[in-house]
Amino acid sequence: MDIQTIMVVGAGQMGAGIAQVHAQSGYYVYLHDVKETQVEKGLERVKKNLTRQTEKGRLTNEEKSEILSRIVPSTELENASKADLAVEAIVENMDVKKKVFKELDECAPPHAILATNTSSLPITEIAAETSRPSQVIGMHFMNPVPVMKLVEIIRGLETSDKVFDAVKQTAESLHKTPVEVNDFPGFVSNRILMPMINEAIYTVYEGVSSPEDIDQVMKLGMNHPMGPLTLADFIGLDTCLYIMETLHDGFGDDKYRPCPLLRKYVKAGWIGKKVGRGFYNYNE
Ligand code: NAI
């Protein structure tokens, strides 16, 4: 399959990164969001990242301009009609994702692959919303996308080998390492990571220790590059809560119950670094 043009749906922290790495590898990219301001923010994020690379001497100004010229802003989903591959990176909510996949199925050409960057939701259920379940697949990038090597690739029940191979090759062309995992809640990455983050939040909730000290224990004691609460703020506490709910619903086991403090922070709008407040205050 010849993939040249992609559409990234959702221009948030993940969408911007996904658009950047594709443009950097020569693909043409539509960066799409419902709001124009979000598309602008996403493009700003890409520009900032590329500027940092030019400052470090890894990229010339000319290369930076070329990469940026390959990213086209979009607020019309109909632009998907020009895409060979769509990568969805909107909010981690099944109802919203299903709606977008239904619309993408209508707009995208028959040969196009529809991929989701979901952290935890079942690919098979998303695929069932479309008339092309064999062309729907999970393509789960890690945050920050330009830095992290891993892409989890998740087949839905009907995903074809041809589509799997095309997505695997695309990930490799981005200098990423694809790993195939099965379609189970949270796949591998978040099934293991998120309960640890949730447990760290319980540790704050039960007054065992402060966020700073918990992060310090995990960094110095376990050699993690980043403490779990810093990581939770970085991922987004809204996304963490959605993932825990998916694990809880999917496995029905109490060990996946989201901590009430996580719910409280999300209700307060303290959803992490992207808004300046989570377990830490980024505005101070
Ligand atoms: P975010 O909150 O930064 O961005 C989401 C974007 O989607 C926003 O710009 C929003 O305006 C847009 N959006 C919402 N509904 C839309 C619609 N119907 N059509 C078009 N755009 C729409 O979220 P983030 O962190 O980028 O996460 C996006 C997805 O990536 C989620 O599924 C999440 O689980 C997954 N993910 C997140 C990671 C993280 O560390 N934050 C890591 C890997 C995957």
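When a ligand or atom number is given, it counts from 1 through the structure's own listing order. Since this is a predicted model, take the numbers as computed values, not measurements. Hydrogens, waters and symmetry mates are skipped; everything else that's a heavy atom, side chains included, is used.
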[X] neighbourhood, listing ligand 1 atoms whose heavy-atom distance to it stays under 4.0 Å:
X    : result
H140 : 43 (C), 44 (C)
N143 : 39 (C), 40 (O), 41 (N)
S119 : 33 (C), 34 (O), 35 (C), 36 (N), 37 (C), 43 (C), 44 (C)
T239 : 33 (C), 34 (O)
K97  : 31 (C), 32 (O)

Out of [options], whose heavy atom is nearest to [atom]?
atom                    : options              : value
atom 16 (C) of ligand 1 : T118, T246, I90      : I90
atom 20 (C) of ligand 1 : V34, V100, T116, V91 : V34
atom 10 (C) of ligand 1 : V9, I235, D33, N117  : D33
atom 28 (C) of ligand 1 : G17, A89, G10, G12   : A89

Nearest protein heavy atom with distance in Å, relative to atom 3 (O) of ligand 1 |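 For atom 3 (O) of ligand 1, the nearest protein heavy atom comes out as Q13 N, 3.1 Å.
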
So which protein heavy atom does atom 26 (O) of ligand 1 come closest to, and at what separation?
->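 Answer, as residue, atom name and distance: M14 N, 2.9 Å.
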
With under 30° as parallel and over 60° as perpendicular, where do the rings of F279 and Y265 fit, or are they tilted in between?
->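 Ring orientation of F279 relative to Y265: tilted.
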
Whether [X] side chain and [Y] backbone form a donor-acceptor pair below 3.5 Å:
X    : Y    : result
Y242 : S119 : no
D215 : L229 : yes
Q20  : P146 : no

Using a 4.5 Å cut-off on heavy atoms from C-beta on, say whether the side chain of T170 contacts that of M139.
->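 Yes, at least one pair of side-chain atoms sits under 4.5 Å.
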
Side-chain contact test, heavy atoms from C-beta onward, threshold under 4.5 Å: evaluate it for T118 versus E92 and give yes or no.
->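 In contact.
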
